[in-house]
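Below, read A as the first sequence line, B as the second, and so on, with proteins coming before strands; counting in each chain starts at 1.
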There are 4 protein chains.
Amino acid sequence: MRKIKTKIKNPDLVEKRRNQISQAALALFREKGFHATSMRTICQKAKVNLGSFYDYFGSKEDILVHLYKEIMNRKLHWAPADGKPADFKDIEDLLRLSMSNAWSRDNNAIQLLYQETTSLDKKTRKEVFQIESNFVKWVAEKFREGLSLPSVSTELELAANMLVYVNAFIPLRGWNMSHIKQEEILDFAVGMFMTILKALSQREAIR
Amino acid sequence: MRKIKTKIKNPDLVEKRRNQISQAALALFREKGFHATSMRTICQKAKVNLGSFYDYFGSKEDILVHLYKEIMNRKLHWAPADGKPADFKDIEDLLRLSMSNAWSRDNNAIQLLYQETTSLDKKTRKEVFQIESNFVKWVAEKFREGLSLPSVSTELELAANMLVYVNAFIPLRGWNMSHIKQEEILDFAVGMFMTILKALSQREAIR
Amino acid sequence: MRKIKTKIKNPDLVEKRRNQISQAALALFREKGFHATSMRTICQKAKVNLGSFYDYFGSKEDILVHLYKEIMNRKLHWAPADGKPADFKDIEDLLRLSMSNAWSRDNNAIQLLYQETTSLDKKTRKEVFQIESNFVKWVAEKFREGLSLPSVSTELELAANMLVYVNAFIPLRGWNMSHIKQEEILDFAVGMFMTILKALSQREAIR
Amino acid sequence: MRKIKTKIKNPDLVEKRRNQISQAALALFREKGFHATSMRTICQKAKVNLGSFYDYFGSKEDILVHLYKEIMNRKLHWAPADGKPADFKDIEDLLRLSMSNAWSRDNNAIQLLYQETTSLDKKTRKEVFQIESNFVKWVAEKFREGLSLPSVSTELELAANMLVYVNAFIPLRGWNMSHIKQEEILDFAVGMFMTILKALSQREAIR
DNA sequence: AATGAATGAGAATTCATTCAT
DNA sequence: CATGAATGAATTCTCATTCAT
């Protein structure tokens, strides 16, 4: 993923300031959208000088890139990425882990990811899509393993896609379900996926 | 939903021009986002004079409002709203109908609905949410009827929510599944929901 | 030469506003230089709205392009360019005409031309140089005709170059000669060139 | 000429750093102009810390002042200035010396002098003009001596002016004559001035 | 009802300069 | 004496909207 330019030499400071800024920006972007949020407002909220901003980022768009990188990194907490497999017992555990992960913590950041796709330049957008795509493949593979199937069928791939979708959009649509407990939604979703996967597994077995 | 102001007296002309403009805008909004699209560009594409625009709409935001109204109206083709119930045999038919509807036709408009939520002012946004919410309730009720259940359980409501989600987001995320046929995805999704609903139905029966 | 973009449809108005703006800019550029002059200042002086400026020009640099075009057009009053040869009896007449032309009228504009070469983007700069170069060739040819020589020697070309130089820079360096009458300087310069050309002519004759 | 302030006590270091910086700046100014060149770029090229710059110069403009001083000093290699007369046999020698001097060595610096006049504040600009003016007078006096004339006529002064002009601008306009050898141009220019001066001399003799 | 020009607030970004260590 | 981060004013340009005809 594209590297963000900086004029600052101390890498710890760069990290600190970038987070400081991007966290402030995240809240504002979520609320008003990327374009409707001005650099002035962001810097005021982040308590960073407007001029200094450009010492840490190359442009406004770079904030999005930074946020996306962060999201991707955290998502990889339950994905292998650099080889480190996440720790889970079985498929149900995987499902529960991934969901509670996506739904609780990065709420805002993930929502943003899907809100502001159009605000990214084409190249960066493509990269984001690619990472997602790889991730879906990995999930499908986990499903295959967990169900002891010989290969990844189209339907398994679709199920993997669906999981990633649900993880992405449940937080986005929290609005409609505010009267239902988070816990209950989680249970329902896990149950739903288990039902689907079992059904798939049986169908495959018959063939 | 808030009425859009106009200075023009001929209502047919108003309708015609508004559609002309909002269709041009829709394509542009989807591609570049609401804020990144200028009024100039919209009017050029719509072949409407930039000055005339403000005879038919009160502001740029009004285009969104107009589009949302339209979307809602079409959604109600398979929902009752003004009393006209859509025509379907059973739940499977309902699922298939709703999905092929959402996935094929309003692709762009629905995607926009979820992209540009933040570009609406709070009041309008709330109205959109409310309509959605009512719609979910209606779907849940249809599920209850189709499954011959005595009441709408939380899980049924969640399932209804999930359907609306999936309908909204499948088109948004078409990107990851471009190698799979639309038909196959539809079959999978319908099958998935049937599995879930049947499982729910059985569980309820046991109680 | 590159066309300047405009959003205005009435071409007379475009011409009028562009001149209005570029004349104000010319004075300021000459005084403080291109970069040190802000768009705000230019528009204030030109009594044009800062926003409107961009209806008539595409960018700040376009003002320079416009000015250069104007200069070139006037220079061609005594050059053929599009076929119309300027009217003069003999070489001495040509010299006097060209000089009084360059020294009196376009004073400011010509000075600017040589001051702000670096402020033009490469492509435009190249075009300006090319026009100059062609012009020098035309002058050399006139010299050849006037002296009834068979061909343009290197020295004749150098003399032509020198004339164009002198015409360009006498106004630029008026400062050092402010105590001498314009008339006297003109006489001296014409005499100087006549002396040079005659000497050249004789030398060629001997060969 | 105005003294440039410094906070540094070691004068050798000051001299060294100032040259280091101004040489880097010279190249950049010539290429992009004074205002379009940023302090950051200059200091990067000069390999001097951006903060340190202000220990050796008071401001960006001071670089220009420093460069102008240097130019003036070198020009005085063939002028008396601090009393040291340059060494030449006759007028032709003087002409050739001055030209090859101006055309070869300080190419960049002299061009800059005339490019960036407007970037100097008024006071400094006036000083530069004054030095030039004195220099022209000195050249005129040398002409008078060489031609054994009783006094400096207006025409002689104009000829001196012309020499200084030509020396200043030949390098600036090298562009149009790139196909002709430097040597040939030099010969032509020397010949040209000799012709003019001889003609002047004869005319004066007749009076 | 349509046209096209005008308006002015606000956007992102750059830059010379200063300051603390 | 050097370093590198901070400052904030200024700059070019865009845009939704209004106005006069």
Side-chain angles (χ1 to χ4, degrees), chain A residues 6-10 13-14 16-17 35-43 47-63, chain B residues 6-10 13-14 17 34-43 47-63, chain C residues 6-10 13-14 16-17 35-43 47-63, chain D residues 6-10 13-14 17 34-43 47-63:
Chain A
T6 179
K7 280 163 193 156
I8 303 299
K9 308 207 168 166
N10 178 348
L13 185 58
V14 171
K16 187 184 143 198
R17 285 269 185 282
H35 281 101
T37 307
S38 77
M39 284 308 313
R40 216 170 214 94
T41 315
I42 295 170
C43 289
K47 284 177 188 163
V48 161
N49 182 281
L50 184 53
S52 291
F53 171 83
Y54 290 89
D55 292 339
Y56 295 96
F57 288 93
S59 69
K60 191 185 178 187
E61 208 196 13
D62 277 355
I63 307 178
Chain B
T6 178
K7 289 159 191 160
I8 305 298
K9 311 222 163 150
N10 178 347
L13 185 58
V14 171
R17 286 269 184 280
F34 178 76
H35 280 100
T37 306
S38 76
M39 284 308 311
R40 241 196 180 77
T41 315
I42 295 169
C43 289
K47 284 176 188 165
V48 162
N49 183 280
L50 183 54
S52 292
F53 171 83
Y54 290 87
D55 292 338
Y56 296 98
F57 286 94
S59 71
K60 191 185 180 186
E61 208 195 13
D62 278 355
I63 307 178
Chain C
T6 179
K7 280 162 193 156
I8 303 300
K9 308 207 170 166
N10 178 348
L13 185 58
V14 172
K16 186 185 143 198
R17 284 269 185 283
H35 280 101
T37 306
S38 78
M39 283 308 312
R40 215 168 214 95
T41 316
I42 295 170
C43 289
K47 282 173 189 166
V48 161
N49 182 282
L50 184 54
S52 291
F53 170 82
Y54 291 90
D55 292 339
Y56 294 97
F57 288 92
S59 70
K60 190 184 178 186
E61 208 195 12
D62 277 354
I63 307 178
Chain D
T6 179
K7 287 160 193 160
I8 305 298
K9 314 225 161 147
N10 178 347
L13 184 59
V14 171
R17 285 270 184 280
F34 177 76
H35 280 99
T37 307
S38 76
M39 285 308 312
R40 241 198 178 78
T41 315
I42 295 170
C43 288
K47 283 172 189 168
V48 162
N49 184 281
L50 184 54
S52 293
F53 171 83
Y54 290 89
D55 293 338
Y56 296 99
F57 287 93
S59 72
K60 190 184 179 187
E61 208 195 12
D62 277 354
I63 308 179

Taking atom NZ of K16(A) and atom CD1 of I8(A), what is their separation to the nearest 0.5 Å? 12.0 Å
Could you state the atom-to-atom distance from CG of N10(C) to P of dT3(E) in whole Å? 16 Å
Would you indicate what T41(A) reaches in the nucleic acid, counting non-hydrogen atoms under 4.0 angstrom: base, sugar-phosphate, or nothing? nothing
Taking side chain as C-beta onward, heavy atoms only, is D62(D) less than 4.5 Å from F53(D)? no
Using atom NZ of K60(D) as one end and atom P of dA10(F) as the other, report the distance to the nearest whole Å. 16 Å
Residue mapping more 5' on DNA chain E - nearest nucleotide basis, E61(A) or S52(B): S52(B)
Separation of dA2(E) atom P from K47(B) atom NZ, nearest Å, is 16 Å
Would you mind reading off the distance between L13(D) atom CG and dC1(F) atom P, rounded to a whole angstrom? 7 Å
Of L50(B) and G51(C), whose closest DNA chain E nucleotide lies nearer the 5' terminus? L50(B)
It should be established whether N49(D) places a side-chain nitrogen or oxygen under 4.0 Å from OP1 or OP2 of nucleotide dG4(F). yes
Below the 4.0 Å mark, does dA5(E) have OP1 or OP2 next to a side-chain nitrogen or oxygen of R17(C)? no
Integer-rounded Å distance: dC15(F) P and I42(B) CD1: 11 Å
Nucleotide nearest D55(D) when distance is taken to its side chain, options dA6(E), dA2(F), dA12(E): dA2(F)
Rounded to whole angstrom units, what separation is found between the CD1 atom of I63(D) and the P atom of dT17(E)? 9 Å
Which atom names give the shortest non-hydrogen contact between L13(A) and Y56(A), and what distance separates them? CD2-OH, 3.4 Å
Which part of the nucleic acid, if any, lies within contact of T6(D), taking any heavy atom under 4.0 Å across all strands shown: a base, the sugar-phosphate backbone alone, or nothing? nothing
Can you check the K7(D) NZ to dA2(F) C1' distance for me, whole Å? 13 Å
Return the OH to NZ distance between Y54(B) and K7(B), rounded to the nearest 0.5 Å. 10.0 Å
What's the spacing between T37(B) OG1 and H35(B) NE2 if we round to 0.5 Å? 10.0 Å
Checking dT3(F), dA11(E), dA16(E) against the side chain of S38(A) (C-beta onward), the nearest is dA11(E)
Distance, rounded to the nearest Å, where Y56(A) contributes OH and dA5(F) contributes P: 6 Å
For dA2(E) and Y54(B) - does any side-chain N or O of the residue sit under 4.0 Å from the phosphate oxygens OP1/OP2? no
So which nucleotide does dT7(E) pair with, by the Watson-Crick or G-U wobble rule with both distances under 3.5 Å? dA16(F)
Which nucleotide in dC1(F), dT17(F), dT12(F) has an atom nearest any side-chain atom of R40(C): dT12(F)
Please name the pair of heavy atoms, one in N49(A) and one in C43(A), separated by the smallest distance, quoted to 0.1 Å. O-SG, 4.3 Å
Between V48(A) and H35(C), which has a closest nucleotide on DNA chain F that is more 5'? V48(A)
Which one is paired to dA1(E), where only Watson-Crick or G-U wobble pairs with both distances under 3.5 angstrom count? none
